[in-house]
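All residue numbers refer to positions in the sequence shown, counting from 1. Note: hydrogens, waters and symmetry copies are ignored here, and every other heavy atom, side chains too, is used. Keep in mind that this is a model prediction, so the values were computed, not measured.
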Amino acid sequence: NQFLPQASGRQKQSVALARPVLQRRLDDQPVVYLDSANTSQKPQVVIDAMTTFLEQSYAPINRSAYRLAAEATDAFEGARASDFPLPPLEAGYAQQLFADAATAAGYHPFPKPAANASRAYTNPDGARLGACNYCGHCERFGCEANAKGSPLHTVIPIAMRNPNFELRTQSWVTRVNKDNGGRKVTGVTYVNLMNGEEYEQPAGMVLLCAYAINNVHLMLLSGIGQPYDPVSQKGIIGKNYSYQNGVSARLFFEDKHFNPFMAAGGSSDLIDDFNANWNFDRAKAGALGGYNISCGYNTALPIGFRPVPPGTPQWGTAWKAATAKWYQTGLNIGSSGSVLSNRYNYYDLDPTYKNAFGLPLMRMTFDYPENERKLGRHAANTVNAIAKSMNPTHLAPATSRDSWTVVPYQSTHNTGGVIMGASPGNSAVNKYLQSWDAHNLFVVGASAFPHNAAYQPTGPVGALTYWTAGAIKNRYLKNQGLMV
C-alpha cells in the first residue's frame, strides 16, 4: 500500500475502475487490496481478453496448425511488449515497387526478416555484429562488416571461449559407433582429409549436426534405425524427404534502374497472404499447403546475375548487348511453397555409387506430387498477376515446376529423413531430437521435419537447437536415459 498515498485521487479512482474487485465495498468501506505479492487483481481489459480467449479460441500457441491454435498464436504474438532488437534492412527500389503493387492488389507486404544486422548490434552471447553495408556479395561470401548472423561469427567464437571445446577442421565423419548391444553410441569414426588417416573419437554423447542430408546419410551408414522402404512403408530412416516448391517471374523496365549490386542477403519484401492465412481458400487452389511471394535482390553478382528478356540469344554479340542493357533494369518476383511428405519421396543408400571412402553415396528419390503441382500453378498465376500490374516492358512469366530437376539451382532447403515424433513406431527422434534407438545420440537439424514448410527451415532449426540444448543440460545430464 506504500504506493497508494503517493497517487492522486484521480489515479486511485482510475486503478479502482480498471479492476472490478476494487469497486466492491466491504462493511460499507472501499476495498484496499494489499496482497499483491502473491495474487494481483486483474484489470477489466485482462478479464475481457481472457474471457474472449476461453470462449472463442482456447488452444495452444506456436505449436499447432489448426485454426483455433493459429488465432490464439496471432493474439499472443500481437501483444508483444517489445519489438525486434533491430529495424528491418533498408528497402531497395525493386522492393518498393513490389510492395506498392501487392498493396494495390489487396495483399499485405512486409520486409523479409533476415540474418543481416541493419545496425551495429551486440547479441546476448556477446558477439558483436557490424551494420550491413549492402555490398551485394552476401550469399556464398564472408562478410567484411561481420553483419551476417553466421555461425562463423556468432557461434564458433563463443564456443571456443570454453576450455573444453575443440574444433577439428578437415575431418570427415564416416560413421557413428555403437556398443555391442546397439542401444548406445560410443563415439564416431572420422578421416583426417589432410593425410587420409582414420581415427576413432570416443564420446559419452554424440550430436549429429551435419546438415539435413548428411544427418540421414550418417544414420544409414551407421545402421542406426531401420531404413525406410517405400513399397512396404516399413522403416523410418530416410522417410519423408521433402523439398520446396517455387516459381519465378522476371520483369524488365526500360525506364527504371534498381542497382541490384547494392543489396543484402535478405533484401526482399514478401506477402504471406497465401500461406499463414486462414482466409486463403485452398479449395479453389485444389491443394493443401501454402506459399509466400517475395521480390528483391540477394546476391546479384556482376557476372553470375545476367537477366535478359525472353527471346534473347543465349550467346554472342546480341546476348552481350542485352546483358549490358538489362542488368540494371531487371527484377525477379518469386514464390517459395510448401511440400508435404509423400511415401515415394525418400532417401536411401545407393546400391552402385560410392564416395571417396568406399561408402555408398546417399540416393534421393523425389518428384513433385500432384498436390504441389497444383499449388505451384496457383502461385504462378498470383505472381504473374502482380507482375503484370507493375507494367514491365518485358515479362518472362512464372510457370509451375511440374517435375523436379536438379538444374537450375532452386534452394538448399531439404528436410526429413530423421523425422521427429511422439512414438518410435513412426519417428526416428523424439521431441528433444533424441534418437529412439540410442538415448545418447541427438540428431539436430531440418532432417527432423516431417514435411517442408513454405519458409526456409533456418528459424525452426535454430529454435529446436536451443530446445535440445536446454533439455540436454537441464534434464539429460542429470538423469541419462530416454526423455519422454
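Although no hydrogens or angles enter the test, the distance criterion places no donor-acceptor pair under 3.5 Å between the side chain of T468 and the main chain of T465. For N240 (side chain) and P450 (main-chain N/O), a donor-acceptor pair under 3.5 Å exists by modelled atom type. Listed for the D281 side chain is a donor-acceptor partner under 3.5 Å among the backbone atoms of A283. Looking only at distances, no side-chain donor or acceptor of Q233 sits under 3.5 Å from a matching main-chain atom of P230. Using a distance-only test at 3.5 Å, with no hydrogens or angles considered, a donor-acceptor pair links the side chain of D350 to the main chain of Y353. Side-chain atoms of T329 do not come within 3.5 Å of backbone N or O of E254 as any donor-acceptor pair.
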Q | Test salt bridge (Lys or Arg N to Asp or Glu O under 4.0 Å) applied to E372 and R377, step by step | A | CA-CA 9 Å; E372 280 62 37; R377 293 166 196 149; over 6 Å; no
Q: Carefully, step by step, assess N371 and K374 under the rule side chain to side chain contact (heavy atoms under 4.5 Å, CB included).
A: CA-CA 5 Å; N371 180 80; K374 291 180 179 179; over 6 Å; no
Q.
Before you tell me yes or no, could you show the steps for V176 and I224 under side chain to side chain contact (heavy atoms under 4.5 Å, CB included), namely the whole-Å CA-CA distance, both residues' side-chain angles and the distance that decides it to 0.1 Å?
A. CA-CA 8 Å; V176 180; I224 301 173; 4.1 Å; yes
**Q.** Check against side chain to side chain contact (heavy atoms under 4.5 Å, CB included), I271 and N292
**A.** CA-CA 6 Å; I271 61 173; N292 59 66; over 6 Å; no
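A salt bridge is defined here as a Lys NZ or Arg NE, NH1 or NH2 lying under 4.0 Å from an Asp or Glu carboxylate O, and K178 with D437 fails to meet this definition. We find that D348 and R363 are joined by a salt bridge, their nearest charged nitrogen and carboxylate oxygen being less than 4.0 Å apart. The pair K148-E139 fails the salt-bridge criterion, with no side-chain N (NZ, NE, NH1 or NH2) lying under 4.0 Å from an Asp/Glu carboxylate O. Salt-bridge formation is not detected for the pair E200/R175: no Lys NZ or Arg NE/NH1/NH2 atom is positioned less than 4.0 Å from an Asp or Glu carboxylate oxygen.
Other residues, nucleotides and ligands place no more than 12 heavy atoms under 6.0 Å from the CH2 atom of W172. Heavy-atom neighbours of E370 CD from other residues, nucleotides or ligands within 6.0 Å: above the threshold of 12. The environment of K320 atom NZ is sparse: at most 12 non-hydrogen atoms of other residues, nucleotides or ligands sit within 6.0 angstrom. Within 6.0 Å of atom CE in M420, more than 12 heavy atoms from other residues, nucleotides or ligands are found, so the atom counts as buried in its surroundings. The number of heavy-atom neighbours closer than 6.0 Å to CD of Q314, taken from other residues, nucleotides and ligands shown, is 12 or below. Annotation for R343: atom CZ counts as buried by contact number, over 12 foreign heavy atoms lying within 6.0 Å.
Proximity of K239 to Y346: side-chain heavy atoms (C-beta onward) are nowhere separated by under 4.5 Å.
Aromatic ring pairs are classed by plane angle as parallel below 30°, tilted from 30° to 60° and perpendicular above 60°; the pair Y368 and F366 is perpendicular. Using the six-membered ring where Trp is involved, Y199 and Y190 have ring planes that are parallel, under 30° apart on the 30 and 60° scheme.
No hydrogens or angles considered: a donor-acceptor pair under 3.5 Å links the side chains of T382 and Y291. Donor-acceptor pairing under 3.5 Å is lacking for the side chains of N345 and S242. At a cut-off of 3.5 Å, with distance as the only test, no side-chain donor of H413 or Q456 sits close to an acceptor on the other residue. Counted by atom type alone, D273 and H108 present one or more donor-acceptor pairs between their side chains at under 3.5 Å. In this model, no donor atom of one side chain and acceptor atom of the other lie less than 3.5 Å apart for D100 and T103. Between N414 and Y211, the side chains place a donor N or O and an acceptor N or O closer than 3.5 Å (distance only, hydrogens not considered). Side-chain atoms of T312 and W319 form no donor-acceptor pair, as typed in the model, at a separation below 3.5 Å. Checked by atom type, the side-chain pair N192/Q170 shows no donor-acceptor distance below 3.5 Å.
How far CG of D269 is from CG of L89: 10.5 Å, rounded to the nearest 0.5 Å. Within the model, atoms OG of S294 and NZ of K112 stand 5.0 Å from one another, a figure rounded to the nearest 0.5 Å. Between the CG atom of L331 and the CZ atom of R250 there is a distance of 9.5 Å, given to the nearest 0.5 Å. Atom OG1 in T365 sits 11.5 Å away from atom CG in N342 (nearest 0.5 Å). In this structure, the separation between CG on N452 and OG on S336 is 7.5 Å, given to the nearest 0.5 Å. Rounding to the nearest 0.5 Å gives a distance of 12.5 Å between CZ of R401 and CG of L375.
In terms of heavy-atom proximity, I293 sits nearest to S335 at CG1-CB, 4.1 Å.
In this view, Y93 and F258 satisfy the ring pair (Phe, Tyr, Trp, His ring centres under 6.0 Å) rule, not counting sequence neighbours.
The ring pair (Phe, Tyr, Trp, His ring centres under 6.0 Å) contacts involving residues 443-470 comprise Y432-W467, where partners must be two or more places apart or lie in separate chains.
If you look at Y107 and F274, their ring centroids are closer than 6.0 Å.
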